[in-house]
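What follows is a short report on a single structure.
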Amino acid sequence: MGEALRQARKAWEREEVPIGAVIVHDGRIIARAHNQVETLKDATAHAEMLAITQAESVLENHRLTDCDLYVTKEPCPMCAGAIVHTRLRRVIFGCPSPKDGAAGGVVDLLNHPKLNHQCLVTGGVMETESAEMLRAFFRERREEQE
């Protein structure tokens, strides 16, 4: 999760919402990403989506069944859909997302019984650090607009 937080810091430095993600396979990081929605002008450029694409490329496979995703904030429904489709084994996230969380927050797409894949989910890992980074980022944005 430390590396995911470093990725989130990179996002902040680029004036992106500070969310970072890494994907681990066989004990090593194979993908690192941070939000790039503003940079790429692409609403799908969430850290999780970018990390998934990288991991698929590294493994030369669209199935990530032996991989774990570490992300600083609970995945949204779009990212949760990609997680299910790629069949990631496990998702470890920092802070919950009360407005759009899809890993047990608002909905639980990662463990929905009617979907063809369910993930192990662990939330609250380095939650304080993840949440504080987001709060500080948005506090800074509000102050800039005043």
Worksheet entry | Pair L50-Q36, side chain to side chain contact (heavy atoms under 4.5 Å, CB included): steps then yes or no | CA-CA 9 Å; L50 297 171; Q36 294 187 50; 3.7 Å; yes

At their closest point, which heavy atom of [X] faces which heavy atom of [Y], and how far apart are they?
X: V91; Y: P75; value: CG1-CG, 4.1 Å
X: M1; Y: V71; value: CE-O, 3.5 Å
X: I23; Y: A55; value: CD1-CB, 3.8 Å
X: P96; Y: E74; value: CA-OE1, 3.5 Å
X: L109; Y: L115; value: O-CD1, 3.3 Å
X: F93; Y: V121; value: CE2-CG1, 3.7 Å

Discussion item. To the closest 0.5 Å, what do you measure between CG (N35) and CD1 (I19)?
Written reply: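 Interatomic distance, N35 CG to I19 CD1, rounded to 0.5 Å: 4.5 Å.
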
Practice prompt. Could you tell me the separation between the OG atom of S57 and the NE2 atom of H62, rounded to the nearest 0.5 Å?
Written response: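 If we round to the nearest 0.5 Å, S57:OG and H62:NE2 are 14.5 Å apart.
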
Discussion item. By the side chain to side chain donor-acceptor pair (under 3.5 Å) test, which pairs, at least two apart or in different chains, include something from residues 101-119?
Written reply: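 Matches after skipping sequence neighbours: none remain.
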
Could you check if a side-chain atom of [X] sits within less than 4.5 angstrom of a side-chain atom of [Y], using non-hydrogen atoms only?
X: I92; Y: D68; result: yes
X: E3; Y: Y70; result: no
X: K73; Y: D100; result: yes

Is [Y] reachable from [X] through a run of I, L, V, M, F, W or Y residues, each pair having side-chain heavy atoms under 4.5 Å apart?
X: V24; Y: I30; result: yes
X: L40; Y: I52; result: no
X: L59; Y: L69; result: yes

Would the distance check show the side chain of [X] and the main-chain N or O of [Y] forming a donor-acceptor pair, the cut-off being under 3.5 Å?
X: E129; Y: L5; value: no
X: R87; Y: R63; value: no
X: D42; Y: T44; value: yes
X: Q54; Y: R32; value: yes
X: E16; Y: E38; value: yes
X: R14; Y: K10; value: yes

Discussion item. Out of the candidates E13, R6, Q7, only one should pair with R9 under the side-chain contact (heavy atoms from CB on, under 4.5 Å) rule; please name it.
Written reply: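 Going through the options one by one, the only one that passes is E13.
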
Discussion item. Just checking H85: does its NE2 atom have more than 12 heavy atoms from other residues, nucleotides or ligands closer to it than 6.0 angstrom?
Written reply: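 Result for NE2/H85: open.
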
Fill in: Stepwise side chain to side chain contact (heavy atoms under 4.5 Å, CB included) test for C119 and R89
CA-CA 5 Å; C119 297; R89 173 177 54 202; over 6 Å; no

Discussion item. Checking W12 against E140 for the side chain to side chain contact (heavy atoms under 4.5 Å, CB included) test, could you report, in this order, the C-alpha distance in whole Å, the side-chain angles of both residues, the deciding distance, and whether it holds?
Written reply: CA-CA 11 Å; W12 188 346; E140 183 180 278; 3.1 Å; yes

Worksheet entry | Working for salt bridge (charged side-chain N to carboxylate O under 4.0 Å, His left out), residues R139 and E132 | CA-CA 10 Å; R139 184 170 47 248; E132 182 48 41; 3.1 Å; yes

Worksheet item: How far apart are the C-alpha atoms of L134 and C95, what are their side-chain angles, what is the distance that settles it, and do they pass the side chain to side chain contact (heavy atoms under 4.5 Å, CB included) test?
Response: CA-CA 9 Å; L134 285 163; C95 61; 3.7 Å; yes

Worksheet item: Do you see a donor-acceptor pair shorter than 3.5 Å between the side chains of R90 and T122?
Response: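 A pair is found: one side chain offers a donor N or O, the other an acceptor, under 3.5 Å apart.
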
Practice prompt. State, without any angle test, whether T86 and E56 hold a side-chain donor-acceptor pair at a distance under 3.5 Å.
Written response: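 E56 and T86 do not have a side-chain donor-acceptor pair below 3.5 Å.
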
